[in-house]
Number of protein chains: 2
Amino acid sequence: MRHKEGNKGKDIIEAAITCFAKKGYHHTKIIDIAVLANVAVGSVYVYYKDKEDILLKIFKNLWDSIYFKISELSKNSNLSPEKMIAAMIDDLFDAFIENPNIAIVFVNEQPQIAKISRTFYNKLYERYLDIGEEFIKKGIEKKIFSQEFNIKTFRIFIFGAIRHLIHHWAESNGKVSLSKIKEDVKYLVKNGILVR
Amino acid sequence: MRHKEGNKGKDIIEAAITCFAKKGYHHTKIIDIAVLANVAVGSVYVYYKDKEDILLKIFKNLWDSIYFKISELSKNSNLSPEKMIAAMIDDLFDAFIENPNIAIVFVNEQPQIAKISRTFYNKLYERYLDIGEEFIKKGIEKKIFSQEFNIKTFRIFIFGAIRHLIHHWAESNGKVSLSKIKEDVKYLVKNGILVR
DNA sequence: ATTATTTTTGAATAAAAGTTCAATATTTTT
DNA sequence: AAAAATATTGAACTTTTATTCAAAAATAAT
């Protein structure tokens, strides 16, 4: 079999991330992606079924890597619930720190991809949140966390908050520090706004 | 001058909200809106410049009403910072409780409208967040709120969290109670997750 | 009742963009 | 070196949908 030099599939994905971040999924033309990836329009369709398929693969790659990281940590370490929640927030942020464009695509096109297939999309990040929920439960049992609030709400709350913060950061072009934001979030999650 | 019976402009906006919520802005055709509003395709263009203009007006109406409510309260009452923040969360949620479809459009199409004009879009809700920031500052001064966290981060954090929760609720078709979520949010904002 | 004005219509138009595929180029095999 | 296999191409095709506008309908004015 013929050996492929380079990796057009990857080039196309990366070009797509850049385009989607800059112009949004719907305003990105296949030819935009092709030009940036240095391939012909037709090649895009050799590597991906259609435009939707590209977006889908971007999300899949993202969540696979986030989940893998946190899953390893959960298995191989023995962190307290408090430390584990902090680590999860760290890893999630870090994934986006590595690639701001993915952060923008993540926030902007999430509804789009959820519309394609709710079930498929949920599966992508549910595993991650499941781990979070597991450790929140442990924290409540051990009386480290408050008994008062609904665990499902927290789950969604924290996810939404982070999603929005990342969006804000990614669009600000580094004018705000994501590391600082990350610390603020961890503090706020732990302590709320009331002085103690 | 001829007297108009009914209100086609309003019919069109309401039909658009329903369509955008169900299928998303980009997947909604003008004819979908026209059929639901019981008007001809051409009429849509009599009342609105183009498709974008409809989305724009939806957001404008929404934020105008939210801001008006909270602005009146801020002027005419003398609530403590803590109570005021709670009231702002209440009013924001209530706007969406009144119309779940607006909640879905709000969350899904926000990036879309921000792309049209960042400046215009920001103006829509900045006034609301400004009031929030004002009361957070007061709370910090009065030592009711913690001195530790960044006020800007809080501002964005809370906004994003609420945005996401509303989305979740709107899409769940009432399977979760928004009133319950609202209370959870207020508690979480106040106290964080650590037991005290 | 007739004319003028305003509102509504929807078929026709135009523009845009996703997708295909026969032809070409490149690499591997014999 | 020729043939076979695979990869790449981009112009042409197709589909989709936003927008227009001349005509018709409805209402108001004379």
Side-chain angles (χ1 to χ4, degrees), chain A residues 1-59 105 108-109 111-117 120, chain B residues 1-59 105 108-109 111-117 120:
Chain A
M1 205 190 77
R2 183 183 162 186
H3 167 71
K4 282 192 284 183
E5 55 181 77
N7 190 337
K8 291 207 166 40
K10 207 180 166 203
D11 292 348
I12 290 165
I13 279 270
E14 270 161 17
I17 289 170
T18 306
C19 291
F20 291 165
K22 197 181 291 173
K23 316 168 72 171
Y25 175 79
H26 281 287
H27 291 127
T28 296
K29 296 169 224 158
I30 299 296
I31 197 168
D32 295 336
I33 299 172
V35 166
L36 193 63
N38 257 307
V39 299
V41 169
S43 296
V44 175
Y45 287 89
V46 172
Y47 289 87
Y48 300 95
K49 189 176 147 283
D50 52 24
K51 195 179 169 189
E52 237 170 32
D53 188 39
I54 303 173
L55 187 61
L56 217 112
K57 295 266 161 66
I58 292 172
F59 274 74
V105 176
N108 286 346
E109 313 305 341
Q112 171 62 27
I113 205 138
K115 222 156 257 144
I116 296 169
S117 165
F120 170 81
Chain B
M1 205 190 79
R2 183 183 162 187
H3 168 71
K4 284 194 284 183
E5 55 181 77
N7 190 338
K8 290 210 167 37
K10 207 181 166 204
D11 291 348
I12 291 165
I13 279 270
E14 271 163 15
I17 290 170
T18 306
C19 290
F20 292 165
K22 199 182 290 175
K23 316 167 74 171
Y25 174 79
H26 280 288
H27 291 128
T28 295
K29 298 168 223 158
I30 299 296
I31 197 170
D32 294 336
I33 299 171
V35 165
L36 193 61
N38 257 308
V39 300
V41 169
S43 296
V44 174
Y45 288 87
V46 172
Y47 288 88
Y48 301 95
K49 188 177 148 284
D50 51 25
K51 196 179 168 188
E52 238 170 31
D53 188 39
I54 303 173
L55 188 61
L56 217 112
K57 295 269 163 66
I58 292 172
F59 274 74
V105 176
N108 285 346
E109 313 305 341
Q112 170 63 26
I113 204 139
K115 221 155 258 147
I116 296 170
S117 166
F120 170 80

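Lettering follows sequence order; numbering is per chain, from 1.
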Side-chain donor-acceptor pairs under 3.5 Å in residues 35-46 of chain B, sequence neighbours left out?
none

Inset, instruction - Would you indicate what B:Val44 reaches in the nucleic acid, counting non-hydrogen atoms under 4.0 angstrom: base, sugar-phosphate, or nothing? - result: nothing
Pairs under 3.5 angstrom only: tabulate donor-acceptor contacts from the side chains of residues 14-22 of chain B to other protein residues two or more places apart or in another chain.
from	atom 1	to	atom 2	distance (Å)
B:Thr18	OG1	B:Glu14	O	3.1

Inset, instruction - Would you tell me if any nitrogen or oxygen in the side chain of A:Lys8 comes within less than 4.0 Å of OP1 or OP2 on D:dA7? - result: no
Legend entry - Atom-to-atom span, CD1 of B:Ile33 to C1' of C:dG10 - whole angstrom: 16 Å
Legend entry - Rounded distance [0.5 Å steps], CG in A:Asp11 versus CD1 in A:Ile33: 12.5 Å
Inset, instruction - Sequence neighbours left out, what passes ring pair (Phe, Tyr, Trp, His ring centres under 6.0 Å) with A:His26? Give chain and number order. - result: B:His26, B:His27
Inset, instruction - Enter the distance from A:Glu109:CD to A:Thr28:OG1 here, rounded to the nearest 0.5 Å. - result: 8.0 Å
Inset, instruction - Please report the shortest heavy-atom distance between B:Ile12 and B:Tyr47, naming the atom on each side. - result: CD1-CD1, 3.9 Å
Legend entry - Complementary nucleotide of D:dA29, counting Watson-Crick and G-U pairs under 3.5 Å: C:dT2
Inset, instruction - Rounded off to whole Å, could you give me the CG-to-P distance for the B:Asn7 and C:dT7 pair? - result: 12 Å
Inset, instruction - Indicate whether OP1 or OP2 belonging to D:dT9 is found under 4.0 Å from a side-chain N or O atom of A:Ser43. - result: yes
Legend entry - Stretch residues 9-17 of chain A: residues that reach within less than 4.0 Å of DNA chain D through a heavy atom: none
Inset, instruction - Answer yes or no: is there a donor N or O on one side and an acceptor on the other, between the side chain of B:Tyr25 and the main chain of B:Glu52, under 3.5 Å? - result: yes
Legend entry - Interatomic distance, B:Asp32 CG vs C:dG10 C1' [rounded to whole Å]: 16 Å
Legend entry - Contacts of type ring pair (Phe, Tyr, Trp, His ring centres under 6.0 Å), residue A:Tyr48, not counting sequence neighbours: none
Interface polar pairs with nucleotides 16-20 of chain C, N/O, under 3.5 angstrom:
from	atom 1	to	atom 2	distance (Å)
C:dG18	OP1	A:Lys51	NZ	2.9
C:dG18	OP2	A:Ile30	N	2.9
C:dT19	OP2	A:Tyr45	OH	2.6
C:dT19	OP2	A:Lys51	N	3.3
C:dT19	O5'	A:Tyr45	OH	3.4

